[in-house]
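Here's the structure we're looking at; comments come further down.
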Amino acid sequence: MKPMATMLKAIVPLSALAILTMAGAAQNVAFGQSLEKVTVRFTWKLKGEYAPLYVALEKGYYKAEGLDVQLSEGNGAQNVLKALAAGNEKFGYGPAVAAAQAVSRGLPVKVVALYQTSAPMGVIAFPETPLKGPKDLEGKRLAISVGETFGDMIRPFTRVNNVDLSKIQLIQMDSSARTMQFLTRKIDVMSVYLSNELPQLEKRAGVKFNVIKVTDFGLNVLGSSMYVSNAFAESNPDTVKKLLRATAKGYRDAMADPKAAAKMMAKHMQVPEQPDVLDQQVQATVVSTNAPAGKPIGWQADADWQANLNLLKETGLIPEIKALNVYFTNDLLQ
């Protein structure tokens, strides 16, 4: 009898432990199930510029905020902004200048964080093709893609620099086709993001291209940002705050260790990128990150927005300038 009693005494604590373990597991499952699913829709294909968000994903910053975040490719800023306005997407990540134009057209969207106060855009040509300034674009074949920022801004760029747009042969094509046409010399010049396509293309071509930075020639437009629809921001402010807080941590870590950020990004590239190219892309991204002293990463200054809107108005891309709080808000940054 004594051994049986001893066994019973031993079984009771073990049973209790099993119950507690099962309860803990159930809680963990419940916690996993309670994560709020959200998608951040990029306005373009995967590139090194997006590394800070993948750092936040890899390090569990989104999950720690109770979010199950999916990072997905897109097909142009205006398409993403329209989807946000229609309620088909929750978050968009792309150039703030595109959001400014969308708001001016009446779309109910807003920029809630600005990660680049100046989009690092440029136009490139092979070494034997003269390209020292905007005037050199005249007489050239320039390839643009739908939804690509410079393609959307070509008219104000030529107007600001007194370039005759009728003397430029604009050829619209798919992004991948455009790259191949450029590398095979079937077009003369193409626009690129200096933080992404430039290091990639120079690696493939094995040359240093002639480059003009559009910011040096009057086209200083707001770059990477996070945007949402007005309706979603108003009804889900805590979700927006959580996403921005986690994303800021990803940016902070990427700025502290760009090489580690590039390695994390590499795991998610659908088309593998060479490590040195991805390193250059991430490095160029973090050095241009908007992280004002004493403010959260992504903080937006009235002066930056006003200058950008003045440019859009002067070049005819927007008919009027609305109140600044229609375009952006800092209220959801912490």
Side-chain angles (χ1 to χ4, degrees), residues 41-50 72-84 89 92-102 105 116 118-126 129 131 134 136-138 140-159 163 165-205 209-215 217 219 221-225 227 269-271 273 277 281 284-285 312 315 317:
R41 181 69 60 184
F42 297 128
T43 57
W44 210 245
K45 307 305 179 184
L46 291 189
K47 49 186 178 178
E49 177 185 328
Y50 303 149
S72 300
E73 292 183 334
N75 62 344
Q78 296 306 325
N79 289 332
V80 172
L81 287 159
K82 289 175 184 176
L84 287 170
E89 297 283 1
Y93 183 97
V97 64
Q101 293 172 272
R105 292 197 306 272
Q116 284 179 331
S118 181
M121 294 184 294
V123 179
I124 63 173
F126 274 88
T129 302
L131 187 64
D136 290 328
L137 293 176
E138 293 182 356
K140 303 289 195 306
R141 295 165 296 176
L142 170 63
I144 59 174
S145 297
V146 175
E148 173 244 340
T149 306
F150 184 75
D152 293 341
M153 302 295 291
I154 183 66
R155 284 167 179 79
F157 181 69
T158 53
R159 194 177 307 175
V163 174
L165 185 58
S166 68
K167 294 182 179 179
I168 301 174
Q169 185 180 352
L170 293 179
I171 306 172
Q172 186 171 297
M173 61 182 70
D174 175 79
S175 178
S176 58
R178 182 179 69 142
T179 298
M180 186 56 63
Q181 292 285 302
F182 175 74
L183 291 175
T184 55
R185 317 294 182 96
K186 291 176 180 162
I187 57 174
D188 304 308
V189 290
M190 70 176 284
S191 60
V192 296
Y193 258 67
L194 303 176
S195 57
N196 291 297
E197 290 91 349
L198 181 60
Q200 184 182 60
L201 292 173
E202 287 188 334
K203 179 77 172 183
R204 288 178 65 180
F209 296 121
N210 290 332
V211 180
I212 57 173
K213 298 179 181 179
V214 300
T215 53
F217 295 95
L219 195 64
V221 297
L222 301 179
S224 299
S225 68
Y227 23 75
M269 296 293 291
Q270 294 182 9
V271 179
E273 185 58 88
V277 171
Q281 291 177 331
T285 296
L312 296 178
T315 53
L317 279 183

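Throughout, numbering of the chain's residues begins at 1 and tracks the sequence. Computed from a prediction, not measured in an experiment: that's the story for all the values here.
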Below 4.5 Å, heavy atoms only, C-beta onward: do [X] and [Y] meet side chain to side chain?
X	Y	answer
Phe209	Leu201	yes
Glu73	Gln270	yes
Val97	Met153	yes
Ile124	Val189	no
Leu198	Asn196	no
Val271	Met269	no

What's the spacing between [X] [atom1] and [Y] [atom2] if we round to 0.5 Å?
X	Y	atom1	atom2	value
Arg178	Ser191	CZ	OG	4.5 Å
Glu89	Asn79	CD	CG	10.5 Å
Lys82	Leu84	NZ	CG	12.5 Å
Thr129	Asn210	OG1	CG	7.5 Å

Would you confirm whether [X], through its side chain, and [Y], through its main-chain N or O, come within 3.5 Å as a donor-acceptor pair?
X	Y	value
Ser225	Gly94	yes
Lys140	Asp136	yes
Asp188	Leu142	no
Arg141	Leu170	no

Is the Phe150 to Tyr193 ring centre distance short of 6.0 Å? no
Closest heavy-atom pair and its distance - [X], [Y]:
X	Y	value
Ser145	Asp174	OG-C, 3.8 Å
Thr179	Met190	OG1-CE, 4.1 Å
Pro134	Phe157	CG-CZ, 3.7 Å
Thr43	Pro95	OG1-CD, 3.6 Å
Thr285	Ser195	OG1-CB, 4.1 Å
Val123	Leu131	O-CD2, 3.4 Å

Going by atom types alone, do Ser224 and Glu49 pair a side-chain donor with an acceptor below 3.5 Å? yes
May I ask you to check whether Gln281 and Gln200 show a side-chain donor-acceptor distance below 3.5 Å? no
Verify side chain to side chain contact (heavy atoms under 4.5 Å, CB included) between Gln101 and Leu312, making sure each step is shown before the conclusion. CA-CA 8 Å; Gln101 293 172 272; Leu312 296 178; 4.2 Å; yes
Less than 6.0 angstrom from the centroid, inside 45 degrees of the normal: does Arg41 satisfy that with respect to the ring of Tyr93? no
Looking at Arg155, I'd like to know if its CZ atom is crowded, meaning that more than 12 non-hydrogen atoms belonging to other residues, nucleotides or ligands lie closer than 6.0 Å. no
In terms of the angle between their ring planes, are Phe42 and Tyr50 parallel, tilted or perpendicular, with boundaries placed at 30° and 60°? parallel
